[in-house]
Amino acid sequence: MHGESGKQSLRGALKEDVPGFNFDNYARNASLPTETTMHLPSAMKTGTTIAGVTFKDGVVLGADTRATGGTEVADKNCEKIHYLAPNIYCCGAGTAADTEKTTEMISSQLDLLRLSTGSPSRVVTACTMLKRMLFRYQGHVSAALVLGGVDSSGAHLYQIYPHGSTDKNPYVTMGSGSLAAMSVFETGFKEDMTEAEAIELVKEAILAGIYNDLGSGSNVDLTIIRRNGEVTVLRGYLTPNDVEPLRTSYKRPAALSVPAGATAVLSTHMDPARPGLEGLVIEDATAMTF
Amino acid sequence: MTTHMKAQQSVPVPSIWSTEGAARLGSGATVTTSHDDGSIDHGVTQAPYERRFSPYDFNGGTCLAIAGKDFAVVAGDTRLSTGYEILSRNVPKLCKLTSKTVLASAGCLTDVRTLQQVLDMRLRMYEHDNGKEISTPAVAQLLGNTLYYRRFFPYYAFNVLAGVDDEGKGCVFSYDAVGSHERVEYSASGSGQAFVIPVMDNIVGFKNRQDPKPEYTAADIVAICKDAFLTAGERDIYTGDAVTISVITAAGVTTETFELKRD
């Protein structure tokens, strides 16, 4: 069926009702590394330790801030706690683009639903929307999520897997550092904790992931969602991995600071964007209007 | 329910230098249809297939060495890892072979240790046969030969050899997995190699620079090494914890340890 659609006109292939992913290029992509010297780019994954815990007055979500592409750190301070609704936030592990776009999409859908119902969003609604989308993509959208929030029926915490299954628990962890974080939770979790206790527990869980999992690192981000509706976003709650103190601990040789003019400029060529543009002179600062 | 899979790093086959360009050893050996992250498919989304046992594991780490006028500096981080896990934060990669030569190796720890043992035996035999301690360039040749013995089942060891030669000048040799070696001014190997070599090209090799190159002291080079490892530690997940730096002169070998980030 797909093979035939490739032979149809371009208009036919772009029909709106063709669902899911287009796998036309799958065979070509699979043969590229073996038959040519080309390498497919690797998707940026977030490695990751994400965790959430319910306490007496709400939920606390936590995440590390390292994004990896293979074994290289692509982003040392990325944001993994995504906004879904004023009372609902979602941590994402897996492919960075997938978690970002999935949460953005569901955030839009929740916004539209709030407009049409006139009521605040419920956490279970976000969970259902996410799981339906992820199941539809059969696990190809690699997003493992920790969803937490507070609504009219209380504080809720869910974990959502890439294939679309969900679990509802008082404490959850996901990502490559989930085992390290879960060991902290299993040791330290108790029902009806205070906010300070919950923050401390999540902080320790994320730190366990940061130091013991190579896919996680850098800083601890926290978000606290309380039953009374207050939300506190603590981006960079803890930054124990700043490299500056280490760099200043020894005397750097002067040659490490490259002076201006060290690199030879062999030739300079200026290409104006349009012929005649090099003659353009701005006489005053009046703003142009169109 | 699929539990979130901890990604197993697929181990790259050791690369061999070649005059024609990138040559790869035995890349046709395995016939697996595994996922990109190396996880095992249990016949759920794909047909059953045979999974090949790989004798190699990559334990990570970065080594570098820089030759000075009458000294050589060699450094290696101390983190031992496998997949996404840390096995130890304190396994140094440096191995003192003679009073004037130090070998630093990253790769598969078991192959590195065995290689060091085999080298140690052959060095002692040299001393018995020749009645004197072996010189650094001779060790370099010996290491190259030892690696080539295992041409068709290589030691998974990425070596960097440093020392002072008989004239008292600093020398550094870099190797591929099967013994091709070359005397160079500086070299790096291991997982953080790609982050460290460009820095050294600019600061030590002084490539693409018009300003006058200063004469570096051993202390300067040690500081450059610390900087390079902090840089590699920022961007390579396998480099970190601590780095041991050895300075080799005609008088002997001194070692210091410098703490890196542990995340």
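Here is how names work: the chains are called A, B, and so on, in the same order as the sequence lines, proteins then strands, and each is numbered from 1.
Atom-to-atom distance recorded for T263(A):OG1 and N202(B):CG is 7.0 Å, nearest 0.5 angstrom. The distance from atom CG of D263(B) to atom CG of N241(A), rounded to the nearest 0.5 Å, is 3.5 Å. The CD1 atom of I210(A) sits 13.5 Å away from atom CZ of R262(B), with the distance rounded to the nearest 0.5 Å. For the atom pair OH of Y84(B) and OG1 of T68(A), the computed distance is 4.5 Å after rounding to the nearest 0.5 Å. Rounded to the nearest 0.5 Å, atoms CD (E259(B)) and OG (S249(A)) are 10.0 Å apart. Between the CD1 atom of I237(B) and the OG atom of S176(A) there is a distance of 8.5 Å, given to the nearest 0.5 Å.
For S218(A), the parts sitting under 4.5 Å from any heavy atom of chain B are the backbone and the side chain alike. With a 4.5 angstrom heavy-atom cutoff, I221(B) does not touch chain A via any of its atoms. Residue T239(B) does not touch chain A at all, counting heavy-atom pairs closer than 4.5 Å. Interface remark: D241(B) contributes no atoms to any contact with chain A (heavy atom separation under 4.5 Å). Y211(A) touches chain B through backbone and side chain together, each having a heavy atom under 4.5 Å away.
Around NZ of K168(A), the count of heavy atoms belonging to other residues, nucleotides or ligands within 6.0 Å exceeds 12. In the displayed structure, F135(A) atom CZ is contacted under 6.0 Å by at most 12 heavy atoms of other residues, nucleotides or ligands. Shown here is N169(A), whose CG atom has more than 12 heavy atoms of other residues, nucleotides or ligands within 6.0 Å.
Taking the side chain as every heavy atom from C-beta outward, K76(A) and R235(B) approach each other to under 4.5 Å. T231(B) has its side chain within reach of R247(A): a pair of non-hydrogen atoms, C-beta onward, lies under 4.5 Å apart. Contact annotation: the side chain of T71(A) never approaches that of F58(B) to less than 4.5 Å [non-hydrogen atoms, C-beta and beyond].
Put simply, of R89(B), K207(B), K213(B), the one with the most heavy-atom pairs under 4.5 Å next to chain A is R89(B). Counting heavy-atom pairs closer than 4.5 Å to chain B, the top-ranked of the candidates G177(A), A264(A), P240(A) is A264(A).
Closest heavy-atom contact between S81(B) and L214(A): CB-CD1, 3.5 Å. The shortest non-hydrogen separation linking R209(B) to S257(A) is NH2-O, 4.4 Å. The two residues L260(B) and L246(A) have their closest heavy-atom pair at C-CD1, 4.1 Å.
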